[in-house]
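In what follows, a single structure is set out as structure tokens and then discussed.
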Amino acid sequence: MREMQRAPFEDVIWDAAEKLSLADLRVLQLRRLRETVTLAMAVPFYNRVLRQMGLSPETIQSLDDLRRLPMTTKEDLRQHYPLGMLAVPREEIRRIHGSSGTTGKPTFVAYNDADMTTWADLCARFLTAGGLRSHHLVQIAFGYGLFTGGFGLHYGVERVGAAVVPAASGNTRRQILIMKDLQPDVLICTPSYALNIAEVAACEMSDPRSLPVRYAHFGGEPWTEDMRRRIDAALDVMSFNNYGLSEVMGPGVAGECWIRHGMHLHEDHFLVECLDPTTLEPVKPGEVGELVITTLTKQAMPMLRYRTRDLASVSEEPCPCGRTHRRMSRVMGRTDDMLIIRGVNVFPSQIEEELLRVDGTLPHYIIEINRPGTLDEAIVRVEIERELFSDEMRKLQALHDRIDREIHAVTGIRMKVDLVQPRSLQRYEGKAQRVIDHRVLVDKPAPVSGSPEGAPAGLPLNP
Ligand code: DLL
């Protein structure tokens with residue numbers, strides 16, 4: 001979307017901190033990093049590790065000292081289940097959320113009053129950058145519950161002063177009814193659920209573009225630029241990407257401005273490193289690495305160098321919108337959802353990109369992996385437009401062969417391609433599941449990423 005250099009609405013900066021000079025930002029970050037390490041000393045786990053490493057708040061003299069701090073992993077949180085990582089007394093906790101895990105046990109995260117205020121403010125920040133104004137009505141179709149999406153965005157919208165319809169996820173017909181009758185300006189959900197809404201709306205009325213929504217904020221799962229083009233066209237909206245994870249807050253870590261070319265990291269609240277996941281050395285600006293995030297203002301559960309497993313790049317290029325905080329790319333994949341098929345590393349997002357580039361495909365697909373004998377076998381099932389099935393076989397075959405070639409070109413391996421009827425693959429109301437790895441189910445739990453909320457990863461829900 002780089003070609004579009006004029007804001008489609010008057011840009012509003014929610015917080016002056018978004019335009020801090022680099023020098024001022026660094027001063028603020030260093031002060032907050034010391035405060036965070038001080039707080040972390042109250043967490044028995046961090047206290048022990050920091051002492052062992054000879055570290056204390058006083059040893060943090062510059063931002064470079066961040067690299068001396070220990071890393072935190074999901075496994076550390078699991079080992080301190082349910083709330084062993086608290087830095088404040090239990091009585092101070094105001095909210096507990098959680099993320100789904102492979103073991104069926106969620107990882108719990110906690111917020112005190114100050115955290116709740118910060119969280120609402122950071123969501124308000126990216127929502128404002130993406131066009132939300134106080135006179136808007138917003139339909140939130142995220143799950144309300146342990147998942148941070150529903151409540152996180154809800155408080156962010158209210159913080160802006162806009163009105164919320166907390167429709168929650170699911171019951172797609174009712175979502176459409178609410179849209180028609182209440183005329184919301186903004187839709188908030190996962191990108192895959194937005195597609196689902198567009199599809200059901202198309203079955204029920206002639207044109208989903210006549211729905212009133214004009215802006216949309218999507219996050220919680222990976223999606224591609226092609227997916228954005230299709231959603232924007234299907235619903236006649238301008239959609240914005242936002243990123244976050246419950247362990248460090250939930251939504252509110254980064255979000256797009258009107259440029260829609262990368263998500264501004266909220267760097268006054270998070271120190272974000274982009275590291276080579278193997279060597280743990282920083283990658284160059286613009287190169288893909290794993291995001292490792294240190295919270296700077298979270299009080300109830302501060303996180304030191306949390307390994308997100310999310311692969312993205314971080315750009316230092318100035319943004320035409322004037323916000324000074326660096327921008328992260330879309331999440332390209334996760335270190336733990338990288339598929340190894342016949343020894344080759346493949347990310348589902350690479351396949352999505354290729355599939356959606358081909359005319360006639362619909363944005364619904366699933367990648368299934370089996371190992372019938374000794375060799376892995378991958379099947380990509382993708383829905384295609386209904387008319388294509390009534391065309392001559394030759395056209396169908398040509399489409400099949402094109403997809404086959406494109407996937408082979410990008411991944412280097414041959415996958416079986418299965419063109420299926422529209423609406424024949426499962427739909428999701430929260431995070432979509434794009435991979436079913438039958439091999440993994442046999443001996444170890446499947447990766448967390450992309451699993452529908454609350455579902456054991458790797459298992460199809462209501463197939
Ligand atoms: O998904 C928080 C969130 C809710 C963010 C709503 C944005 C909107 P978790 O359930 O803990 O928290 O899952 C976090 O989801 O590590 C990424 O792998 C993935 N993820 C979140 N946002 C995006 C995005 C929420 N915009 C995990 N693009 C993260 C790609 C995303 N992946």
Side-chain angles (χ1 to χ4, degrees), residues 73-74 77 96-102 106-109 111 119 122-123 125-127 130 140-157 168-169 187-194 216-225 227-228 231 239-256 260 262-266 270 272 277 288 290-293 301 303 306-313 327-338 347-349 352-353 428-435 447-455 457:
T73 61
K74 183 107 177 167
L77 299 189
I96 291 172
H97 279 281
S99 66
S100 49
T102 48
T107 306
F108 290 120
V109 292
Y111 307 74
W119 191 16
L122 291 182
C123 288
R125 184 187 289 194
F126 76 73
L127 288 167
I140 300 187
F142 265 137
Y144 278 68
L146 280 183
F147 179 54
T148 48
F151 282 102
L153 269 303
H154 184 107
Y155 283 83
V157 171
S169 65
L187 172 67
I188 294 182
C189 56
T190 55
S192 55
Y193 192 47
H217 289 270
F218 300 135
E221 66 178 7
W223 53 313
T224 55
E225 216 40 55
M227 186 79 97
R228 162 145 56 201
I231 300 174
S239 62
F240 296 86
N241 194 6
N242 71 87
Y243 167 83
L245 60 156
S246 31
E247 290 83 355
V248 304
M249 163 152 288
V253 175
E256 283 180 332
R260 298 201 297 173
M263 295 178 271
H264 287 282
L265 290 157
H266 297 159
F270 303 98
V272 181
V288 175
E290 177 182 339
L291 301 182
V292 173
I293 304 182
M301 241 175 100
M303 279 290 133
Y306 184 74
R307 289 194 65 174
T308 64
R309 308 281 171 193
D310 290 325
L311 294 168
S313 61
R327 283 172 288 166
M328 64 176 273
S329 67
R330 288 180 176 283
V331 174
M332 321 253 185
R334 288 177 55 88
T335 56
D336 52 3
D337 76 3
M338 185 178 77
F347 285 103
S349 58
E352 174 176 315
E353 248 170 61
Y428 296 90
E429 292 163 355
K431 303 190 186 214
Q433 186 184 4
R434 303 297 192 189
V435 178
V448 198
S449 166
S451 63
E453 204 211 326

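Counting starts at 1 for both ligands and their atoms, in listed order. These numbers were taken from a predicted model, which means no experiment stands behind them.
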**Message:** Is there a polar contact, in the sense of an N or O pair closer than 3.5 Å, between Trp223 and ligand 1?
**Reply:** no
**Message:** Could you tell me, atom by atom, which parts of ligand 1 come under 4.0 Å of a heavy atom of Ser246?
**Reply:** 9 (P), 11 (O), 12 (O)
**Complete:** Out of Glu221, Met332, Arg309, Met328, the nearest non-hydrogen contact to atom 30 (C) of ligand 1 is supplied by Glu221
**Message:** So if I count the atoms of ligand 1 from 1 in the order they appear, which ones are less than 4.0 Å from some heavy atom of Gly219?
**Reply:** 7 (C), 8 (C), 26 (N)
**Request:** Would you confirm whether Arg334, through its side chain, and Glu290, through its main-chain N or O, come within 3.5 Å as a donor-acceptor pair?
**Result:** no
**Fill in**
So for Ser99 against ligand 1, with non-hydrogen atoms under 4.0 Å, the contacting part is side chain
**Message:** Does only the side chain of Leu245 get under 4.0 Å from ligand 1, or the backbone, or both, or neither? Count heavy atoms.
**Reply:** both
**Request:** Taking the side chain as every heavy atom from C-beta outward, state whether Ile188 and Val157 have any pair of such atoms under 4.5 Å apart.
**Result:** yes
**Request:** May I ask whether Lys431 places a heavy atom under 4.0 Å from ligand 1?
**Result:** yes
**Message:** Any heavy-atom pair between the side chains of Thr148 and Met249 that's under 4.5 Å?
**Reply:** no
**Item:** Mutual orientation of the aromatic rings belonging to His97 and Phe151 [parallel < 30°, tilted 30-60°, perpendicular > 60°]
**Value:** tilted
**Asked** Near Gly149, which atoms of ligand 1 are under 4.0 Å from a heavy atom of that residue?
**Response** 4 (C), 6 (C)
**Request:** Enumerate the atoms of ligand 1 whose separation from the nearest heavy atom of Asp310 is less than 4.0 angstrom.
**Result:** 16 (O), 17 (C), 18 (O), 29 (C)
**Message:** Working to the nearest 0.5 angstrom, can you tell me the gap between Glu221 CD and Thr190 OG1?
**Reply:** 4.5 Å
**Ile293 vs Leu245 side-chain heavy atoms within contact, under 4.5 Å** = yes
**Prompt:** Going by the order shown, which atoms of ligand 1 are within less than 4.0 Å of some heavy atom of Asn241?
**Reply:** 24 (C), 26 (N)
**Request:** Find all atoms of ligand 1 within a distance of less than 4.0 Å from any non-hydrogen atom belonging to Asn242, and give their numbers and elements.
**Result:** 7 (C), 8 (C), 22 (N), 24 (C), 26 (N)
**Fill in**
Within 4.0 Å of some non-hydrogen atom of Phe147, the atoms of ligand 1 are 1 (O), 4 (C), 10 (O), 25 (C)
**Fill in**
If we number the atoms of ligand 1 from 1 as shown, the ones under 4.0 Å from a heavy atom of Tyr243 are 22 (N), 23 (C), 26 (N)
**Aromatic plane relationship, Phe126 with His217 - under 30° parallel, 30 to 60° tilted, over 60° perpendicular** = tilted
**Request:** Side-chain contact test, heavy atoms from C-beta onward, threshold under 4.5 Å: evaluate it for Phe142 versus Leu153 and give yes or no.
**Result:** yes
**Request:** For residues Met303 and Leu77, determine if any side-chain heavy atom of one lies less than 4.5 Å from a side-chain heavy atom of the other.
**Result:** yes
**Item:** Residue part near ligand 1, for Thr190, under 4.0 Å between non-hydrogen atoms
**Value:** neither
